[in-house]
Amino acid sequence: MVKEFKGTLLMTHEEEFPLTESFFDLGFTSLRVTEAKQRLEERLDCSISSNVLFNNPTAEQLVAYLMTDVLADLFPEGSDADG
């Protein structure tokens, strides 16, 4: 997922993406957020509401939402998501 957002911001592979900073504070526009959402949908093979990215405006919040609501069957309750 971070790769999609880094690509949108033209960041290099070596640059660290701030997981707790708002997409909009990082320079995303509504159009760029929508483009990133579409790429995530293709990669994850699922549908993501546009409102989700506005209601979960950081990568950290978005990952938590995806794990608990969209991809919950891949992350059983009580599993250690941090590895």
Side-chain angles (χ1 to χ4, degrees):
M1 179 187 82
V2 170
K3 180 180 177 182
E4 300 303 325
F5 290 109
K6 285 174 78 170
T8 300
L9 292 174
L10 304 175
M11 295 174 72
T12 66
H13 177 68
E14 294 80 25
E15 290 180 275
E16 188 171 329
F17 185 85
L19 300 177
T20 59
E21 195 166 336
S22 166
F23 300 131
F24 301 102
D25 289 344
L26 293 170
F28 280 84
T29 62
S30 295
L31 178 61
R32 294 290 182 217
V33 167
T34 301
E35 290 171 353
K37 177 193 86 74
Q38 290 170 337
R39 288 197 303 274
L40 281 173
E41 289 176 327
E42 290 172 11
R43 287 184 85 98
L44 298 174
D45 192 31
C46 67
S47 179
I48 303 169
S49 167
S50 294
N51 290 335
V52 166
L53 278 86
F54 295 96
N55 293 331
N56 299 278
T58 69
E60 182 177 70
Q61 291 172 331
L62 180 58
V63 166
Y65 170 81
L66 293 173
M67 287 176 60
T68 59
D69 290 83
V70 177
L71 304 171
D73 57 323
L74 300 176
F75 300 96
E77 190 174 331
S79 69
D80 183 6
D82 294 329

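Since the model is a prediction, treat every value here as computed from it, not as a measurement.
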Who pairs with Ser49 by side-chain contact (heavy atoms from CB on, under 4.5 Å), at least two apart in sequence or on another chain? Asn51, Val52
To the nearest 0.5 angstrom, please state how far the CD1 atom of Ile48 sits from the CG atom of Asp69. 11.5 Å
Are the side chains of Val63 and Leu19 in touch, meaning some heavy atoms are under 4.5 Å apart? no
Judged by atom type as modelled, is there a donor-acceptor pair below 3.5 Å linking the side chain of Lys6 to the main-chain atoms of Glu15? yes
The side-chain contact (heavy atoms from CB on, under 4.5 Å) partners of Glu35 (sequence neighbours excluded) come to Leu31, Arg32, Arg39
List the residues meeting salt bridge (charged side-chain N to carboxylate O under 4.0 Å, His left out) with Glu60, not counting sequence neighbours, and say none if there are none. none
Closest non-hydrogen atoms of Leu26 and Pro18, given as atom of the first, atom of the second and distance, are CD2-CG, 3.4 Å
Given side chain to side chain contact (heavy atoms under 4.5 Å, CB included), test Asn56 with Leu66 step by step and report yes or no. CA-CA 10 Å; Asn56 299 278; Leu66 293 173; over 6 Å; no
By ring pair (Phe, Tyr, Trp, His ring centres under 6.0 Å), which residues pair with Phe28, not counting sequence neighbours? Phe5, Phe23
Any residue meeting side-chain contact (heavy atoms from CB on, under 4.5 Å) with Phe54, in chain and number order, not counting sequence neighbours: Phe24, Ser30, Val33
Which residue pairs pass the salt bridge (charged side-chain N to carboxylate O under 4.0 Å, His left out) test when at least one of the two sits in residues 42-56, sequence neighbours left out? Glu4-Arg43
Which atom names give the shortest non-hydrogen contact between Ser50 and Lys37, and what distance separates them? OG-CE, 3.3 Å
Do the side chains of Asn55 and Tyr65 get nearer than 4.5 Å, heavy atoms only? no
